Amino acid sequence: MSDFETDVLVAGAGPAGLLLAAELALAGVRTTIVERLPERPPYCRGFNLNARALDLLARRGLAEGLVAEGHRVPHAPATGLPGPLLLDGAATDHPFSLGIPQTRVEEVLEARALELGAEILRGHDLRSFTQSADEVTAVVHNGRFGRTIRARFLAGCDGGRSTVRKQAGIGFPGVDARWYALLGDVECDLPYGPSAGPDGRSLFVIPRPGYVRIVVREDDPPSDKDTPVTLERLQAQVDAVLGRHVELRAPRWLSRFGDAARLASRYREGRVLLAGDAAHIHPPAGAIGVNVALDDAFNLGWKLAATVRGTAPEGLLDTYHDERHAAGARILANTRAQVALEEAGEEPWADLMRRVAAHPAGNRALAEIITGLDACYEPGGHPWLGRLAPDVPLRVSGAETHLAALLHAGRPVLLDLTGSFAAWPAVVTASSPSISDVAAVLLRPDGHVAWVGTPDSGDAGLAEAMQRWVGDVPVPTSA
Ligand SMILES: Cc1cc2nc3c(=O)[nH]c(=O)nc-3n(C[C@H](O)[C@H](O)[C@H](O)COP(=O)(O)OP(=O)(O)OC[C@H]3O[C@@H](n4cnc5c(N)ncnc54)[C@H](O)[C@@H]3O)c2cc1C
């Protein structure tokens, strides 16, 4: 076995692993991804980025190119509601969902991670690891031989059946699937949308480029849910639901999924961290999986980088669990609630929810909740505190720019809108035509607001916020 060293070993080159690697490499941290599959699969699971994911990607200049390629839909995906959840007026810089294949998002993230210096070892399966107080040692197999990789941290971005999570002894409590659905990427002559059969059961046909995705509940799923789905099996189920034969052709991908919901009991165990599906699985309602995986990785990247580089304030890395575990619990609740709503029929509470969704303010609130746009890591203070700062236009050193651009380097920024904070570290002095009641904001590298100064409050609390989120930086002696 050969011995190999890196700062962070990432297991899994899905959306979570790739964005995490890019974030770590941006901060100059040596990062190696091991990915079990020799190449990206030919099929595509997800087909959207939501408004929250686009807002985050824009903080690194990654959203614009994707937006130019994809197609915009002015609402948030949701299940169980009679009409769309409109994003017009929602708290986002991107009031739309973007139709774009998950595989294309992964390509863009992979190119960025490689360009910034991360390494990707495809066809390498992480089989086991041990951790000590100083390092993690993983055993990785490439099908022919094994090798040991030593790293300072291990990030399990290895999907719902995460080897890392299991080997770290992290529990995965939750609820088992109550139903399974068959999924088939095929060609057929069914119309897009729902198609009902004579006994009221229905299936759903989603348009895809050059083919359709059929989703149909499975009668009598096999006891081993990993049993491969065949075209014959899908064909029989479609015919049974429709009560007639509709020929399915040219299968590209056949699969099965259920409505299980589970949340890792901890997102960190010593030098091991979990992100994305490795940390949470949930029903597909709201098409949120890729988006949450990116959200986790974006939250973790700068914190882990600062920890590896030795600049992190005490406890910074633990805030990853605090913030994202709570977000994961909300996502499980939101997705399960959407499934319950879909199944609720004429239940009075479901009628109430549908009326809330029909009300413009309720509709917007649901859109923000289901997409995660309501993320606030420090509720209760100034309306900006803990939230993602809006991408407002700014003027810096005589040039027009915007807030998200200040975060492209992945470093904290003290945005000074009055010229009174020049002696502070990380300061960028700017003027803004659209902000009047804020004197300065401390932006974390992920764009969330760590401190807000108003014209009345001066720099009260800023030194503490710097210490908590940025670390041991020199603050003005008057502070
Ligand atoms: C049919 C379907 C449709 C979906 N549609 C959407 C949608 O429209 N929108 C949306 O947001 N989400 C959607 N999702 C969910 C989304 O695909 C996942 O939530 C997302 O891929 C999770 O990203 P991840 O990086 O956490 O994990 P994954 O994408 O699962 O990546 C994990 C990677 O780890 C690798 N790996 C596993 N074990 C090991 C190991 N031991 N060693 C090395 N590598 C390993 C795997 O090969 C894989 O490449 C859909 C999912 C399915 C199944």
Side-chain angles (χ1 to χ4, degrees), residues 9-21 32-41 43-54 70 73 76-79 97-103 105-106 109-110 120-129 138-143 146 149 154-167 180-185 204 206 208 213-215 229 252-260 264 274-298 300 324 328 331 335 370-372:
L9 178 63
V10 178
L18 291 166
L19 181 59
L20 178 61
T32 303
I33 301 184
V34 285
E35 164 56 53
R36 172 184 283 165
L37 300 175
E39 55 196 34
R40 189 165 296 122
Y43 57 81
C44 183
R45 286 183 283 167
F47 274 89
N48 80 305
L49 287 175
N50 74 16
R52 163 79 178 169
L54 291 168
V73 183
T79 298
S97 305
L98 188 73
I100 191 159
Q102 174 175 343
T103 41
V105 175
E106 290 173 3
L109 295 177
E110 178 169 335
I120 303 182
L121 303 176
R122 288 197 172 270
H124 282 65
D125 185 20
L126 184 140
R127 297 268 173 92
S128 62
F129 70 86
V139 177
V140 170
H141 273 255
N142 70 359
I149 301 183
L154 169 64
C157 302
D158 50 346
R161 295 171 181 199
S162 171
T163 304
V164 174
R165 185 190 67 235
K166 289 176 194 157
Q167 295 231 349
Y180 284 87
L182 297 176
L183 172 151
D185 285 349
F204 206 84
I206 306 165
R208 290 290 176 239
R213 175 164 290 178
I214 293 189
V215 178
V229 178
R252 287 165 168 78
W253 183 39
L254 302 171
S255 186
R256 168 186 290 110
F257 65 88
D259 69 335
L274 300 178
D277 278 9
H280 37 69
I281 56 165
H282 42 76
I288 194 93
V290 169
N291 301 280
V292 189
L294 297 176
D295 215 332
D296 287 349
F298 206 62
L300 176 57
R324 295 309 303 167
I331 283 147
T335 51
I370 284 174
T371 49

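Ligands are counted one by one from 1 in listed order, and the atoms in each one are counted from 1 as well. Counting begins at 1 with the first residue of the sequence. Model, not experiment: these values are computed from the prediction.
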**Prompt:** Side chains of I370 and I288: closer than 4.5 Å at any heavy-atom pair?
**Reply:**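 The answer is no, as the side chains (C-beta and beyond) never meet within the 4.5 Å cut-off.
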
**Message:** Show, in sequence, the C-alpha distance, side-chain angles and deciding distance for T163 and R36, and conclude whether the side-chain contact (heavy atoms from CB on, under 4.5 Å) test is met.
**Reply:** CA-CA 11 Å; T163 304; R36 172 184 283 165; 3.9 Å; yes

**Asked** Of all heavy-atom pairs between V164 and D158, which one has the smallest distance, and what is that distance?
**Response**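 Looks like N-OD2, 3.0 Å.
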
**Item:** Contact summary for N291 and A53, nearest pair of heavy atoms
**Value:**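 Scanning both residues, the minimum pair turns out to be OD1-CB, 3.2 Å.
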
**Prompt:** Sequence neighbours excluded, which residues qualify as salt bridge (charged side-chain N to carboxylate O under 4.0 Å, His left out) partners of R208?
**Reply:**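 Partners of R208 by the salt bridge (charged side-chain N to carboxylate O under 4.0 Å, His left out) criterion come out as none, since no residue qualifies.
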
**Message:** Closer than 3.5 angstrom, by distance alone: can the side chain of R213 be matched with the main-chain N or O of R45 as a donor-acceptor pair?
**Reply:**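 Answer holds: yes.
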
Ligand-protein N/O pairs under 3.5 Å (ligand 1):
residue	atom	partner	partner atom	Å
ligand 1	5 (N)	R45	O	3.4
ligand 1	8 (O)	F47	N	3.2
ligand 1	8 (O)	N48	OD1	3.3
ligand 1	9 (N)	N48	OD1	2.6
ligand 1	9 (N)	A287	O	3.3
ligand 1	11 (O)	A287	O	3.1
ligand 1	11 (O)	G289	N	3.2
ligand 1	11 (O)	V290	N	2.8
ligand 1	11 (O)	N291	ND2	3.0
ligand 1	12 (N)	G289	N	3.3
ligand 1	12 (N)	V290	N	3.2
ligand 1	17 (O)	Q102	OE1	2.9
ligand 1	19 (O)	D277	OD1	2.9
ligand 1	19 (O)	D277	OD2	3.2
ligand 1	21 (O)	R45	NH2	3.2
ligand 1	21 (O)	Q102	NE2	2.8
ligand 1	25 (O)	P15	N	3.2
ligand 1	25 (O)	A16	N	2.9
ligand 1	26 (O)	D277	N	2.8
ligand 1	29 (O)	R45	NH2	2.5
ligand 1	30 (O)	R45	NH1	3.3
ligand 1	30 (O)	R45	NH2	3.2
ligand 1	41 (N)	R36	NH2	3.3
ligand 1	41 (N)	D125	OD1	3.0
ligand 1	41 (N)	L126	O	3.0
ligand 1	41 (N)	T163	OG1	3.4
ligand 1	42 (N)	D125	OD1	3.4
ligand 1	42 (N)	L126	N	2.9
ligand 1	44 (N)	R36	N	3.0
ligand 1	47 (O)	E35	OE2	2.6
ligand 1	49 (O)	E35	OE1	2.7
ligand 1	49 (O)	E35	OE2	3.1

